[in-house]
Amino acid sequence: MSPVRPAAVRPHRLAFAIAALLPFGTALAQDAATTAEKDAATLDTVQVTAQRKVENIQDVPVSISTINGEQLGVLASGGTDIRFLSGRVPSLNIESSFGRAFPRFYIRGYGNTDFRLNTSQPVSLVYDDVVQENPILKGFPLFDLEQVEVLRGPQGSLFGRNTPAGVVKFESAKPTQETSGYGKVGVGSDNMWNLEGAVGGALSANWSARASVLYQRRDDWVENTYPGPNDGFEGYDESAGRVQFLYEGDGFEALLNAHARKLNGTARLFRANIIDPGTNNFVPGFDEDKVSQDGLNYSELESQGASARLNWDVGDYKLYSITGYESVETINRGDIDGGTPAGPGVIPFASETADGIPDHSQWTQEFRIESEYAGPWNWQAGVFYFKEDYRVESFSYDSTNASVQDGYQRIRQTNDAWAVFGAATWQATDKLELRAGLRYTVDEKKLTSEDYWNTGFAACIGPTLGFLPPPIRCTQQDLIAAEPDGDLSASPEDKKFNWDLSATYAVSDDINLYARAATGFRGSSIQAAGAFNGKSVAGPETVTSVETGIKADFWDKRARMSAGVFYYRVKDQQLTAVGGAANANILLNAEKSVGKGFELDMQAYVLDNLLLTLGSSYNDTEIQDNDLAVAVCAACTVTDPRNVGGLALIDGNQLPQAPKWVHNLTARYSFGLGDGSELYVYTDWAYRSEVNFFLYDSVEFTGKSSLEGGLRVGYGWGYGDYEVALFGRNITDQRRIVGGIDFNNLTGFINEPRTVGVEFSAKF
């Protein structure tokens with residue numbers, strides 16, 4: 001196990017922010033103490049559905065964090081996408097090489113860096129009880145939500161679908177019989193607009209409805225100095241909507257949901273040679289506001305879906321049916337080499353590519369029955385079916401010749417899976433509750449490569465996986481000849497039992513101890529043969545996890561804490577060797593990976609009008625495989641040992657995009673001005689320690705630690721119905737390289753810039 005590097009313990013800079021804030025809050029509190037006497041502030045009970053039923057978060061034997069509606073509104077005020085959740089709860093990291101279109105989630109350092117559009121992830125995203133499997137679906141905007149739940153560790157028995165690392169769960173605000181809604185408009189730097197709103201109420205004695213909309217836009221803030229097809233980058237125009245109908249009858253309830261999204265903007269902006277060789281610093285004179293690129297760049301996406309959630313009360317039982325449909329079409333195109341033949345720096349060859357999904361459908365169906373006995377025993381059981389069918393197209397272009405298309409590949413992948421599951425709880429004593437869950441899954445994928453040709457720089461694979469010299473024309477027949485089995489298709493089928501066992505012991509009415517052991521499973525993955533690599537199949541991965549912790553309310557319900565320690569081991573973890581000098585994208589199975597650490601969540605009313613929240617986590621991950629070796633970058637300083645073929649041996653490396661430390665802090669201070677009005681100050685900070693971008697260790701492709709903060713100053717009146725606020729996101733304007741492209745040069749991409757603006761909202 002590698003020792004913690006000095007740079008990794010810098011999160012304690014966060015302590016300076018806390019220390020600076022507390023005297024400020026204390027001084028304001030002393031001024032406000034004379035305004036009026038009132039009852040001491042207490043924390044509301046948080047209800048979650050981590051066990052597929054509504055429970056107090058303190059009673060659930062799972063490491064879980066929530067983000068409420070007010071926090072979501074603050075974090076989203078800069079018009080940013082779902083990545084704003086990164087670091088906002090312990091052990092959560094989110095990154096993307098596609099920009100707004102394709103987020104990649106990591107919990108406890110466990111995730112997947114694969115950028116292909118048919119990839120799967122070990123973190124499952126569930127939106128309104130429907131799993132969002134394809135990585136493009138995971139980027140659906142967040143608006144008009146009740147809350148977000150982040151469940152850490154395997155959730156294999158009740159959620160099942162690709163949940164060995166955990167689940168990120170979103171729940172939309174539901175219709176009610178009471179007429180209600182809100183409107184919000186925000187304006188910020190770079191002509192940013194962020195508008196959202198909702199309206200709902202009764203349609204009849206049994207029916208109610210709610211409609212929600214979102215619109216976001218921003219101008220390009222990066223100038224392209226090359227007289228090419230794009231004048232600027234990093235702008236976007238995005239809209240989304242959702243409509244829900246709720247029927248509430250005698251013993252029956254139906255919630256119907258339809259939603260859609262449309263995005264037009266620029267894809268992730270790759271910047272050539274922005275890393276100073278031999279360091280992980282920006283090159284001297286780096287200007288984040290300018291690039292020089294000769295290739296096209298755009299991102300287009302449309303998705304739509306619908307769901308029906310039905311439930312019946314039948315005596316001592318409750319029956320559920322959840323039907324979901326999702327579909328997405330998308331295309332992302334970018335200048336991958338990040339520059340022009342003239343630079344910046346040395347660019348060995350041009351690379352301009354696009355990836356898209358022209359056709360996609362996902363169907364899910366779950367039936368579940370849950371007991372509601374008055375005695376110590378209760379249980380639930382169900383069946384689940386999943387069906388997905390889609391095509392992925394990949395293109396390459398010659399950006400030195402007016403971006404003429406010179407390569408094309410199309411694959412089709414289907415995924416059919418079904419599962420049966422059950423769970424039981426037993427209130428063994430007044431203080432001890434035991435839970436157990438079990439799931440059996442059958443998962444089958446099929447992939448076929450339907451068409452491929454290439455006449456550009458990307459030469460064909462030779463029979464020995466070497467390279468044939470250009471300008472050899474690469475055809476589907478060439479790829480077939482290069483495959484050991486002469487077959488471009490693959491159809492793995494996996495079958496797996498998963499289980500979990502947990503216990504909760506009530507030390508008192510306000511303190512619970514818990515322990516949990518669980519397993520998780522992710523089915524095989526496939527990547528098609530391409531110009532630089534043969535077909536690769538990674539077998540199924542399984543994880544076993546144990547954790548124990550404490551959940552407590554104290555200080556007369558003014559404070560709440562959840563803390564725990566964990567250990568997990570992944571057998572045959574699916575890893576992706578991305579890039580390298582060979583520019584391959586190859587799936588691998590590591591013999592084993594392990595992770596261990598701790599997590600802490602705290603909220604407290606330090607004063608009646610000063611609420612502090614603090615989250616902290618430590619994740620120590622390690623790949624354990626003596627023989628696993630990967631190709632490395634062409635222009636960076638690799639620190640791993642090499643084998644005789646020049647590949648890096650990655651045994652002992654931490655997992656990619658797995659920061660050891662994640663911390664977050666929020667503080668909200670308010671003081672009443674009378675007549676239902678208040679002035680408040682809200683600040684939030686998120687820290688993560690350094691990360692590796694790839695499986696191998698290198699100096700240049702190690703991302704520095706990051707600390708980003710937000711500030712919001714608001715005035716509310718009408719007892720919370722109206723509010724106007726000034727806000728800032730990334731208020732220190734921190735610049736960080738957050739990812740890279742390693743096959744060609746020292747290309748990287750950076751974080752979002754500082755955004756400042758004003759926002760007005762009204763509720764009714």
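Computation of the quantities below employed the complete heavy-atom set of this structure, encompassing side-chain atoms and omitting hydrogens, waters and symmetry-equivalent molecules. None of the values given here were measured: they were computed from a predicted structure.
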Trainee: Name the one of Y325, F384, W418 that satisfies ring pair (Phe, Tyr, Trp, His ring centres under 6.0 Å) with W363?
Mentor: Y325
Trainee: ring-ring contact (aromatic ring centres under 6.0 Å, His included) with Y385: which residues, sequence neighbours excluded?
Mentor: none
Trainee: More than 12 non-hydrogen atoms from neighbouring residues, nucleotides or ligands closer than 6.0 Å to CZ on R410, yes or no?
Mentor: yes
Trainee: Would you tell me whether S394 and Q409 have side-chain atoms, one donor and one acceptor, within less than 3.5 Å of each other?
Mentor: no
Trainee: Using 0.5 Å steps for rounding, measure from the CG atom of L125 to the OG1 atom of T163.
Mentor: 12.5 Å
Trainee: Kindly indicate, with the supporting measurements, whether the criterion side-chain contact (heavy atoms from CB on, under 4.5 Å) is fulfilled by T576 and I586.
Mentor: CA-CA 6 Å; T576 306; I586 300 173; over 6 Å; no
Trainee: Given the side-chain rings of F521 and Y440, with only the six-membered ring counted for Trp, is the space between their centroids under 6.0 Å?
Mentor: no
Trainee: Regarding E146 and N68, is there a side-chain donor-to-acceptor distance under 3.5 Å anywhere?
Mentor: no
Trainee: How about NZ on K496, more than 12 heavy atoms from neighbouring residues, nucleotides or ligands closer than 6.0 Å, or not?
Mentor: no
Trainee: Please check this pair: side chain of K551 against backbone of I57, looking for a donor-acceptor N/O pair closer than 3.5 Å.
Mentor: yes
Trainee: Looking at R83 and E95, is any side-chain nitrogen of the basic one under 4.0 Å from a carboxylate oxygen of the acidic one?
Mentor: no
Trainee: Where is the tightest heavy-atom contact between L246 and P175, given as atom of each residue plus distance?
Mentor: CD2-O, 3.4 Å
Trainee: I'd like to know if K169 and E171 make a salt bridge, using a cut-off of under 4.0 Å between side-chain N and carboxylate O.
Mentor: yes
Trainee: I'd like to know if R435 pairs up with E55 as an ion pair, taking the criterion as any Lys NZ or Arg NE/NH1/NH2 lying under 4.0 Å from an Asp or Glu carboxylate oxygen.
Mentor: yes
Trainee: Below 4.0 angstrom, N of the basic side chain to O of the carboxylate: do E366 and R52 qualify?
Mentor: yes
Trainee: Examine distances only and state if a side-chain atom of Q47 and a backbone atom of T45 form a donor-acceptor pair shorter than 3.5 Å.
Mentor: no
Trainee: Indicate the atoms forming the closest heavy-atom contact of L310 with A254, along with that distance.
Mentor: CD2-CB, 3.4 Å
Trainee: Using a 4.5 Å cut-off on heavy atoms from C-beta on, say whether the side chain of T519 contacts that of D500.
Mentor: no
Trainee: For the ring pair F140 and Y127, is the centre-to-centre distance below 6.0 Å?
Mentor: yes
Trainee: Do you know the tightest heavy-atom contact between P540 and N589?
Mentor: O-ND2, 4.5 Å
Trainee: How about T119 and N112: does a side-chain donor come under 3.5 Å of a side-chain acceptor?
Mentor: yes
Trainee: Kindly compute the distance separating CD (E433) from OH (Y514), expressed to the nearest 0.5 Å.
Mentor: 15.0 Å
Trainee: Got a sec, which residues hit side chain to side chain contact (heavy atoms under 4.5 Å, CB included) with P656, two or more places apart in sequence or on another chain?
Mentor: T113, L695
Trainee: Please determine which of N56, T504, D59 meets the side chain to side chain donor-acceptor pair (under 3.5 Å) test together with N512.
Mentor: D59
Trainee: CD/Q177 to CH2/W207 distance, rounded to the nearest 0.5 angstrom?
Mentor: 11.5 Å
Trainee: With side-chain contact (heavy atoms from CB on, under 4.5 Å) as the test, would you mind laying out the steps for T323 and S321 before giving the verdict?
Mentor: CA-CA 7 Å; T323 306; S321 170; 4.0 Å; yes
Trainee: Is T448 reaching over with its side chain to a backbone N or O of E450, donor-acceptor style, under 3.5 angstrom?
Mentor: no
Trainee: Do you know the tightest heavy-atom contact between N162 and R522?
Mentor: OD1-CG, 3.4 Å
Trainee: Does a side chain donor of either N378 or T425 reach within less than 3.5 Å of an acceptor in the other side chain?
Mentor: no
Trainee: Take L655 and L575 through the side-chain contact (heavy atoms from CB on, under 4.5 Å) test and state the conclusion after the steps.
Mentor: CA-CA 9 Å; L655 292 170; L575 301 173; 4.2 Å; yes
Trainee: Less than 3.5 Å apart, any donor N or O on the side chain of E599 or S91 sitting next to an acceptor on the other?
Mentor: yes
Trainee: Can you tell me which residue among V126, I64, V167 is in a side chain to side chain contact (heavy atoms under 4.5 Å, CB included) with E149?
Mentor: I64
Trainee: Can you check whether D44's main-chain N or O pairs, donor with acceptor, with R560's side chain at less than 3.5 Å?
Mentor: yes
Trainee: Quiz question: by atom type and distance under 3.5 Å, do the side chains of N118 and Q413 form a donor-acceptor pair?
Mentor: yes
Trainee: Rounded to the nearest 0.5 Å, how far does OH of Y110 lie from CD of Q121?
Mentor: 12.0 Å
Trainee: E493 vs K445, test: salt bridge (Lys or Arg N to Asp or Glu O under 4.0 Å). Steps then yes/no.
Mentor: CA-CA 7 Å; E493 182 180 16; K445 291 186 175 74; over 6 Å; no
Trainee: So, does D128 use its side chain to make a donor-acceptor pair with the main chain of S172 at under 3.5 Å?
Mentor: yes
Trainee: Report yes or no: does R439 contribute a side-chain atom to a donor-acceptor pair with the main-chain N or O of F421 at less than 3.5 Å?
Mentor: no
Trainee: Check L137, L214, L301, V328 against R261 for a side chain to side chain contact (heavy atoms under 4.5 Å, CB included) and give me the one that passes.
Mentor: L301
Trainee: So L117 and I136, side-chain contact (heavy atoms from CB on, under 4.5 Å) or not? Walk me through it.
Mentor: CA-CA 8 Å; L117 295 180; I136 299 295; 3.8 Å; yes
Trainee: Would you call D443 and R161 a salt bridge, using N to O less than 4.0 angstrom?
Mentor: yes
Trainee: Looking at E622 and K596, does any basic side-chain N land under 4.0 Å from a carboxylate oxygen?
Mentor: no
Trainee: If you measure only the distance, is there a donor-acceptor pair under 3.5 Å linking the side chains of R104 and Q657?
Mentor: no
Trainee: Can you tell me if Q574 uses its side chain to pair, donor with acceptor, with the backbone of G523 under 3.5 Å?
Mentor: yes
Trainee: Anything under 30° is parallel, anything over 60° is perpendicular, the rest tilted; go ahead and classify Y317 against Y373.
Mentor: perpendicular
Trainee: Heavy atoms only: give me the nearest T621-Y568 pair and the separation to one decimal.
Mentor: CG2-OH, 3.5 Å
Trainee: Quick check: does any side chain N or O of Q365 sit under 3.5 Å from a backbone N or O of F386, one acting as donor and the other as acceptor?
Mentor: no
Trainee: Look at D389 together with K387 and state whether they make a salt bridge at an N to O cut-off of under 4.0 Å.
Mentor: no
Trainee: To the nearest 0.5 Å, what is the distance between CG (L587) and CZ (R116)?
Mentor: 8.5 Å
Trainee: Are any of the side-chain heavy atoms of L255 and E253 separated by less than 4.5 Å?
Mentor: no
Trainee: Going by side chain to side chain donor-acceptor pair (under 3.5 Å), D144 matches just one of R210, K174, R242. Which one?
Mentor: R210
Trainee: Using salt bridge (charged side-chain N to carboxylate O under 4.0 Å, His left out) as the criterion, list what pairs up with E248, not counting sequence neighbours.
Mentor: none
Trainee: So, H360 and E388: side-chain donor and acceptor under 3.5 Å apart, yes or no?
Mentor: yes
Trainee: Roughly how far apart are L151 CG and I107 CD1, rounded to 0.5 Å?
Mentor: 8.0 Å
Trainee: When you measure from the centre of the six-membered ring of F566, is the NZ or CZ of R108 under 6.0 Å away and within 45° of the axis?
Mentor: yes
Trainee: For P90 and R152, which heavy atoms make the closest approach, and how far apart are they?
Mentor: O-NH1, 3.2 Å
